[in-house]
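Below is one structure, written out as structure tokens, with a few remarks after it.
Chain A is the first sequence line, chain B the second, and so forth, proteins listed ahead of strands; every chain is numbered from 1. Keep in mind the model is a prediction, meaning the values are calculated, not measured.
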There are 2 protein chains.
Amino acid sequence: MSATIRDVARKAGVGLGTVSRVLNDSPLVSSATRQRVLNVIAELNYMPSHAARSLSLGKTLTVATIAPFFTRPSVVERLCGIEANLTGSGYHQIFFNVENVERRNECLRDVSRREYADGVLIISLTPHADEIAPILKSHMPVVLIDAEASGLTDVRVDNPYGGYLATQHLIDLGHQNIAYLSDPLQDPLYFDFTSSRDRYQGYCKALNDADIPIRPDNHVWGLHGRYEARCLARNLLSRYDRPTAIFAASDTQAMGVLEAARDLSVRVPDELSVIGFDDIDVAEYLGLTTIRQPLFESGARGVELLLEILGSEESYLPPKHEMLPIELVVRSTTAPCQE
Amino acid sequence: MSATIRDVARKAGVGLGTVSRVLNDSPLVSSATRQRVLNVIAELNYMPSHAARSLSLGKTLTVATIAPFFTRPSVVERLCGIEANLTGSGYHQIFFNVENVERRNECLRDVSRREYADGVLIISLTPHADEIAPILKSHMPVVLIDAEASGLTDVRVDNPYGGYLATQHLIDLGHQNIAYLSDPLQDPLYFDFTSSRDRYQGYCKALNDADIPIRPDNHVWGLHGRYEARCLARNLLSRYDRPTAIFAASDTQAMGVLEAARDLSVRVPDELSVIGFDDIDVAEYLGLTTIRQPLFESGARGVELLLEILGSEESYLPPKHEMLPIELVVRSTTAPCQE
DNA sequence: TGCTAGAATGGAAGCGGTTCCAATGCCATC
DNA sequence: GATGGCATTGGAACCGCTTCCATTCTAGCA
């Protein structure tokens, strides 16, 4: 059907190996021969077979991405960053969409299997110690995005600092009664997302630094999602001494808070300040004050780090840790405390 | 490194071919032998090499998806439907993200190249006649999602009917001065998205049926996007005889309209009714009245149709055309006309 | 009992690349 | 003129699977 390397060799009047060398930019070809081969390749519209290359090289020439909840806007933006930098690299990509814990465990267990991919990107999932060991032993290149695990390369943001920034902003506006709404901080049965926990640290530190006591009832949590956050926020806002400001661990959850405020006719920002985290696309539309983290860049940079490892000759490279910058974006859901 | 089919054959005391037959569910294996081989496969944790299978079969065992603007919420939901049904089918998937016309043309030109994939899903892009011909000639299985082209299988919704439904809803509420805000209806230099055009037909028909004259200045268009729609809507709403209702060709554009109304202090729905199209995730949050189309299902069903073609022995199957249902979802951005 | 058709099985060839070893030609050196 | 070394080249072997042909075995039948 389609032209093979043998067709090219025959037509160019050279040997198989020579064509292969041209394809792989080997210096062991005279420039005259190289040019002749390149001409024939263009003429035949020849394109090497991915499968044959892969089989011969003993590599899959594929990068796998494991991510929870593909539909979440923040995940989508990270995936776009990945796509942008992987296209044209010669690697294929496969995606594993993790929607429940069984699948999470299955995916993280199989990471080190060479059958799937030559390298793996993991988004927002933190491998446990017993999952890290086989990965390290297998020498499978892995880059964590928005997660951290000892011995593995990662690219992420300073979540405690983000939590601090957000809370400090509210304190600066005169708020004292500040709630934090997040995913569960610890749940070994669940996905073990760590960002909520880290941001909580920053929240506590900011309150401490301002000598504001930490009220345990000002921290509420539930499954990630707008609807769940809405229910949680309703409870918060129905309280006698309801908070004057809510820091939501993600913009999605902040949207739930805004909904709850609307439900209960609590005016934002006059009666309630709301701040989110991520700065997803709709945040600007909603005028949501938030902490921006570079989502697209996290994916793009993750790919770069992975390709670096894949391209290296070394069988072991020391893990790298990259921190991307975050910043406070003030919009119209936060205002000075009115009390 | 990892076990091969030869290891399995040796350990099970059978020939290469027998193991292969077991893997491929051939009936030409006695059940005793089959069981023995299956045991060894489990024991060795053997997994066939995708590349070797692919090379031997002369197929890529890969499905390609071509989609414009991965980040658009409606596209994301379709992609999720694709992912859901393709995972576990044994096919790998590769994505082509189309962000500009050059890339669109390049992708559609290369669809028929066997090097990439055994089958292709195309989202929201309409191949031109000169692009269809090579596809048909190559017998490359193609399924269009949210698009239509003669000779190709597709799964889509009845966009003229959707436009009719939306407009009729506004007319039922007593509106007469109804604007339509959309992508450009025809732009050979651009992507040639057809849904705006089709929905415009329904818009016109509904107005005609109600004996409401069609005012050309009530149709405005621009590039797809919230920001662009916001500018367009601002112009509309600044007019002396501004419309009392706006039908936006997508929820994203409807969001731009809502922003413009906010900018100009036009109250929704009291002074302005707004209806969108798609029912993307945030529509519910915004209380946006809209026409719901099954986005996830469109992707899922598209994959089913493609796998059907790929699994068939026939070299030619007559194209199928599937229409998914749409429905009006009334929320709080539309209300009876106040004039 | 001998013969045959059909079921079950083994393994060579081939898919399209890469890699390595052998071969060739050419030049400088002694 | 013989020798050695380097640059360049050709092609066999191999990657792990499928497929097809050849072979063996079994049961059914005359």
| note | Winner on side-chain proximity to Ser56(B), out of dG17(C), dC15(C), dT8(D), is dC15(C)
| said: Could you work out how much the helix from dT1(C)-dA30(D) to dC30(C)-dG1(D) bends, comparing the axis of its first five pairs with that of its last five, to 10°? | reply: 60°
| Taking the six-membered ring for Trp, are His92(B) and His92(A) ring centroids under 6.0 Å apart? | no
| message | Which residues pass the side-chain contact (heavy atoms from CB on, under 4.5 Å) test with Ser20(B), not counting sequence neighbours? | response | Ile5(B), Asn24(B)
| query | Ignoring hydrogens and angles, does a donor from either the side chain of Arg6(A) or the base of dG17(C) sit under 3.5 Å from an acceptor on the other? | reply | yes
| query | Between Arg21(B) and dA8(C), does any side-chain N or O lie under 4.0 Å from OP1 or OP2? | reply | no
| note | Checking dG17(C), dC17(D), dT18(C) against the side chain of Thr4(A) (C-beta onward), the nearest is dG17(C)
| field | Residue-phosphate contact under 4.0 Å: Arg53(A) side-chain N/O, dT18(C) OP1/OP2 | value | yes
| query | For dT9(C), does OP1 or OP2 lie under 4.0 Å from any side-chain N or O of Ser30(B)? | reply | yes
| query | Below 4.0 angstrom from OP1 or OP2 of dT9(C), is there any side-chain N or O of Thr33(B)? | reply | yes
| What pairs with Ala64(B) under side-chain contact (heavy atoms from CB on, under 4.5 Å), at least two apart in sequence or on another chain? | Ile94(B), Phe96(B), Ala117(B), Val120(B)
| Looking only at side-chain N and O atoms, does Ser20(B) come under 4.0 Å of OP1 or OP2 in dT18(D)? | yes
| said: Can you tell me which nucleotide in dT18(D), dG16(C), dT9(C) comes closest to the side chain of Leu23(B)? | reply: dT18(D)
| task | Taking only the side-chain heavy atoms of Val14(B) (C-beta and beyond), determine which of dT18(C), dG16(D), dG10(C) contains the nearest atom. | result | dG10(C)
